[in-house]
Amino acid sequence: MTARRSTALKQAIWLVIAAIPHGRVCTYGDIANMAGQPGQARWVGRLLSELPPDSTLPWHRVVNASGKITHPNASKQVQRLQDEGIQTVHQRVALKRYRWQP
DNA sequence: CCTATGACCATAG
DNA sequence: CCTATGGCCATAG
């Protein structure tokens with residue numbers, strides 16, 4: 001078994017993402033910070049890339065620090081964001097308006 | 001051990 | 001807007 005990070009650390013990330021309100025978004029860095037793991041934005045993205053296709057986690061509410069969507073299937077993410085009332089322009093959301101920070 | 005890659009980020013030019 | 005740089009970390013080859 002490769003030495004992966006503890007389930008507790010992963011769970012902290014998942015909990016934060018699950019807590020993002022409907023109609024709001026977060027950045028990868030925000031999530032790392034809120035999960036008590038500052039500077040680990042990259043790992044957050046890595047973790048999300050390993051989510052099962054049928055996951056109920058609102059992964060679509062996560063964008064990068066510029067508000068841009070950098071997901072492999074950007075179209076799908078855009079669709080899901082618009083479905084909950086979040087406006088997107090050229091695969092980008094207005095963080096000033098939708099960013100969620102406790 | 002090395003390099004390359006990736007749903008990242010801040011800063012500089 | 002763009003690219004480059006340095007930092008972060010896991011995984012693959």
Side-chain angles (χ1 to χ4, degrees):
Chain A
M1 279 291 281
T2 48
R4 301 186 178 187
R5 288 195 159 171
S6 74
T7 305
L9 290 179
K10 293 183 180 179
Q11 205 167 56
I13 301 290
W14 292 329
L15 284 175
V16 171
I17 296 174
I20 305 174
H22 181 283
R24 307 299 297 281
V25 300
C26 257
T27 73
Y28 295 91
D30 287 343
I31 291 169
N33 286 325
M34 289 186 261
Q37 300 167 61
Q40 308 307 308
R42 195 158 201 163
W43 186 54
V44 172
R46 174 117 191 71
L47 215 52
L48 288 180
S49 73
E50 294 176 346
L51 280 181
D54 59 333
S55 173
T56 58
L57 211 63
W59 53 265
H60 57 283
R61 296 182 188 144
V62 186
V63 297
N64 77 4
S66 301
K68 194 166 185 180
I69 291 166
T70 49
H71 183 279
N73 191 342
S75 301
K76 181 175 181 180
Q77 184 169 1
V78 166
Q79 185 65 62
R80 294 184 67 162
L81 288 175
Q82 294 183 340
D83 283 348
E84 50 184 73
I86 296 176
Q87 290 181 14
T88 68
V89 180
H90 295 163
Q91 305 193 327
R92 178 185 295 268
V93 304
L95 288 180
K96 236 184 159 180
R97 179 174 173 187
Y98 302 108
R99 189 181 206 169
W100 175 69
Q101 295 174 300

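Numbered from 1 within each chain, the chains take letters A, B, ... in sequence-line order.
- In this structure the side chain of A:Leu51 reaches within 4.5 angstrom of the side chain of A:Trp14, judged on heavy atoms.
- When the C1' atom is used for both B:dC1 and C:dA12, the distance is 14 Å, rounded to whole Å.
- Within 4.0 Å of A:Arg61, counting heavy atoms only, lies no atom of the nucleic acid at all.
- Between A:Gln40 and A:Lys68, the residue anchored nearer the 5' end of DNA chain C, judged by the nucleotide with its closest heavy atom, is A:Lys68.
- Comment: A:Arg46 engages A:Glu50 in a salt bridge, judged by a side-chain N to carboxylate O separation of less than 4.0 angstrom.
- Side-chain nitrogen and oxygen atoms of A:Arg92 include at least one within less than 4.0 Å of the OP1 or OP2 phosphate oxygen of C:dC1.
- Of the listed nucleotides (B:dA7, C:dT11, C:dC1), C:dT11 has the atom at the smallest distance from the side chain of A:Glu50.
- To the nearest angstrom, P of B:dC9 lies 8 Å from OH of A:Tyr28.
- The nearest whole Å value for the distance from the NE2 atom in A:His90 to the P atom in C:dC1 is 11 Å.
- The interatomic distance linking A:Asp30 (CG) with B:dC9 (C1') rounds to 11 Å, in whole Å.
- Where A:Arg46 and A:Arg42 each meet DNA chain C at their nearest nucleotide, the meeting point lying more 5' is that of A:Arg42.
- In this structure, a donor-acceptor pair under 3.5 Å is present between the side chains of A:Gln79 and A:Asp83.
- Whole-Å rounding puts the A:Gln91 CD to B:dA7 P distance at 14 Å.
- Nucleotides C:dT5 and B:dA7, compared at atom P, are 22 Å apart to the nearest Å.
- Across the protein-nucleic acid pair, A:Leu48 atom CG and C:dA10 atom C1' stand 14 Å apart, rounded to whole Å.
- If you measure from atom CG of A:Leu81 to atom C1' of B:dA7, you get 13 Å, rounded to the nearest angstrom.
- The side chain to side chain donor-acceptor pair (under 3.5 Å) test with A:His60 is passed by exactly one of A:Glu84, A:His71, A:Lys76: A:Glu84.
- Listed pair A:Thr70 / B:dG6 fails the phosphate criterion, with no side-chain N or O lying under 4.0 Å from OP1 or OP2.
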